[in-house]
Asker: 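The structure under discussion is supplied below as structure tokens; questions concerning it will follow.
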2 protein chains.
Amino acid sequence: MDSLLSNIKINIPPGIYLKDPETSELGKKIIEHSIILIQDIGFEDFNFKKLGGVIGSNESSIYRYFESKHKLLIYLTSWYWSWIEYQLVLEIFSITNAEEKLKKAIEIVTRTTKQDSKYSHINEVLLNKIVIYENSKSYLTKSVDTENKEGFFMSYKRVVYRISEIISQCNSTYQYSLSLASSIVDGALHQHFIKSHFKTITNCNTKNTPTHFFTNLVLNTIKIHG
Amino acid sequence: MDSLLSNIKINIPPGIYLKDPETSELGKKIIEHSIILIQDIGFEDFNFKKLGGVIGSNESSIYRYFESKHKLLIYLTSWYWSWIEYQLVLEIFSITNAEEKLKKAIEIVTRTTKQDSKYSHINEVLLNKIVIYENSKSYLTKSVDTENKEGFFMSYKRVVYRISEIISQCNSTYQYSLSLASSIVDGALHQHFIKSHFKTITNCNTKNTPTHFFTNLVLNTIKIHG
DNA sequence: CAAAATTGATAGTATTACTATTAACTTTGT
DNA sequence: ACAAAGTTAATAGTAATACTATCAATTTTG
């Protein structure tokens with residue numbers, strides 16, 4: 001199992017960064033504190049000068065790791081989706097029943113994140129909050145097609161693929177497994193956002209979670225029970 | 001019918017603008033050409049100086065209508081959702097069967113927009129494209145709670161309410177009508193985006209439209225047929 | 001036709017999102 | 001142990017952004 005897992009370690013497409021932040025202390029500090037700072041003040045108000053102030057480093061040093069804050073955002077969301085993919089593989093690995101696999105997969109992408117102690121410099125709870133608020137801003141840009149060609153959104157898309165495959169295993173005649181999978185992934189972020197800010201347009205709360213809503217939705221849509 | 005419809009004319013909460021753009025020629029030109037320009041260069045690269053150049057007007061004059069480009073974006077998305085709400089009321093008005101109502105409602109919020117000749121200075125086809133790319137940026141900000149309290153997102157939320165009510169009319173025992181409605185509205189924009197840019201994570205295309213996908217999803221989810 | 005409102009022109013500011021250069025410091029190979 | 005290579009810090013600078021302020025010219029309105 002160790003060899004299987006090592007193949008799907010958190011993997012970020014090079015080209016997103018100028019210098020891999022995992023290879024130095026400063027790099028790790030950039031990642032650690034960018035998560036804290038973006039979560040605190042929001043992506044629009046975040047910049048490398050402020051981040052430099054927080055980590056006691058110069059703005060220009062951060063620019064040697066990332067050519068822009070946009071690229072840093074893509075790095076963070078890629079890390080997050082790669083980490084989610086890792087959980088999908090790890091937690092579904094031992095499940096044989098297709099429906100149980102699907103339920104677990106839905107749980108993984110819709111649940112509220114809990115801290116993972118494996119990656120000491122990354123606070124996954126805060127990163128999840130960043131993804132809820134900022135994920136769509138990473139691709140809703142004029143440069144999306146170029147960046148997509150360079151593979152910058154592969155982590156995100158692989159999570160969708162994996163879920164669509166599990167859906168197909170449950171119901172091979174269902175025609176919209178990709179659209180359903182992408183709707184779960186994007187929709188979960190949206191439900192988490194509106195349950196905090198637009199409470200009147202969701203039934204989700206601490207009791208009725210997005211996981212309940214999407215599990216019911218998916219199982220009915222692909223007619224596993226009825 | 002005329003008196004009914006006049007109550008739900010396009011209605012924008014004041015406070016979004018400093019001066020109502022509908023009350024002057026310059027105001028209408030600002031709206032008309034901001035739609036064209038934002039669609040062309042994207043919201044990030046759009047600014048009032050460039051807009052002024054296009055309409056032959058001074059930057060400072062535009063600032064008398066909107067205090068920021070962010071407020072202008074909220075104006076445009078509010079206009080769009082108010083226009084969608086108008087269509088929901090108008091096109092569903094004469095339908096008596098609850099399931100047919102729901103199908104029509106899903107069609108209205110998921111279809112590709114066609115030009116409406118009623119509003120001469122607004123190109124609804126371009127505005128729909130802006131909404132696909134930029135809608136979420138209007139509320140994914142640190143100021144969302146303040147602006148929500150001021151009613152800036154009412155048009156969007158009213159569209160979700162109306163759809164959730166139609167869902168409840170079809171199945172009064174279904175527990176997630178609001179979450180389902182908000183997932184359709186947000187999910188439709190997402191499917192339209194990814195069918196243009198991330199084709200590998202959707203089954204939607206010109207033949208299998210988002211309308212087909214969501215109609216099937218909703219009817220199965222609330223178990224209208226089985 | 002005078003008062004009020006609107007628009008245009010110009011100027012100015014603080015901040016952003018970088019780039020460039022050079023010097024100081026740290027790591028690495030032999 | 002030490003020179004070479006690589007990394008980081010400090011400083012300076014730039015073009016653009018997102019505004020605000022002022023005042024004159026023009027248009028609208030009562």
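Nothing here was measured: the structure is a model prediction, and the numbers come from that model. Only this structure's heavy atoms are used, side chains among them; waters, hydrogens and symmetry mates stay out. Reminder, nothing fancy here: chain letters follow the sequence lines and each chain counts from 1.
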Asker: Rounded to the nearest angstrom, tell me the gap between atom CG in B/Leu18 and atom P in C/dT7.
Answerer: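 Answer to the nearest Å: 13 Å.
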Asker: In terms of side-chain heavy atoms of A/Lys19, which of C/dT7, D/dT8, D/dA18 is nearest?
Answerer: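 Closest nucleotide among those given: D/dT8.
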Asker: Between A/Tyr133 and A/Phe43 (judged by ring centroids, cut-off 6.0 Å), do the two rings come close enough to count as a pair?
Answerer: no
Asker: Between atom CG in B/Asn58 and atom C1' in C/dT7, what is the gap in whole Å?
Answerer: 8 Å
Asker: Indicate whether OP1 or OP2 belonging to C/dT16 is found under 4.0 Å from a side-chain N or O atom of A/Asn47.
Answerer: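 It does, given that an N or O in the side chain of A/Asn47 lies less than 4.0 Å from OP1 or OP2 of C/dT16.
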Asker: Hey, is the side chain of A/Ser24 poking within less than 4.0 Å of OP1 or OP2 on D/dT8, counting only N and O atoms?
Answerer: yes
Asker: Check the phosphate of D/dA18 against B/Ser68, side-chain N and O only, distance under 4.0 Å to OP1 or OP2. Yes or no?
Answerer: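 Checking B/Ser68 against D/dA18: no side-chain N or O falls below 4.0 Å of OP1 or OP2.
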Asker: Kindly point out which of D/dT22, D/dA9, D/dT7 is positioned nearest to the side chain of B/Arg64?
Answerer: D/dT22
Asker: Taking the side chain as everything from C-beta on, heavy atoms only, tell me whether A/Pro21 gets closer than 4.5 Å to A/Phe66.
Answerer: yes
Asker: Which residue, A/Lys50 or A/Ser60, contacts DNA chain C at a nucleotide closer to its 5' end, judged by nearest heavy atom?
Answerer: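 Whichever sits nearer the 5' end wins; that is A/Lys50.
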Asker: Taking any heavy-atom pair under 4.0 Å as a contact, classify B/Glu59: base, sugar-phosphate, or nothing.
Answerer: base
Asker: Classify A/Lys49 by what it touches in the nucleic acid, base, sugar-phosphate, or nothing, heavy-atom distance under 4.0 Å.
Answerer: nothing
Asker: Regarding A/Tyr63, tell me which of base, sugar-phosphate or nothing describes its non-hydrogen contacts under 4.0 Å with the strands shown.
Answerer: base
Asker: Between B/Asn148 and B/Lys157, is any pair of side-chain heavy atoms under 4.5 Å apart?
Answerer: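 Yes, their side chains come closer than 4.5 Å.
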Asker: Classify the nucleic acid contact of A/Phe66 as base, sugar-phosphate or nothing, counting any heavy atom under 4.0 Å across all strands shown.
Answerer: nothing
Asker: Quick check: do B/Thr209 and B/Arg111 have side-chain heavy atoms less than 4.5 Å from each other?
Answerer: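 Not in contact.
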Asker: Does B/Tyr65 have a side-chain nitrogen or oxygen under 4.0 Å from the phosphate oxygens OP1 or OP2 of C/dT7?
Answerer: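 Affirmative; the distance criterion is met.
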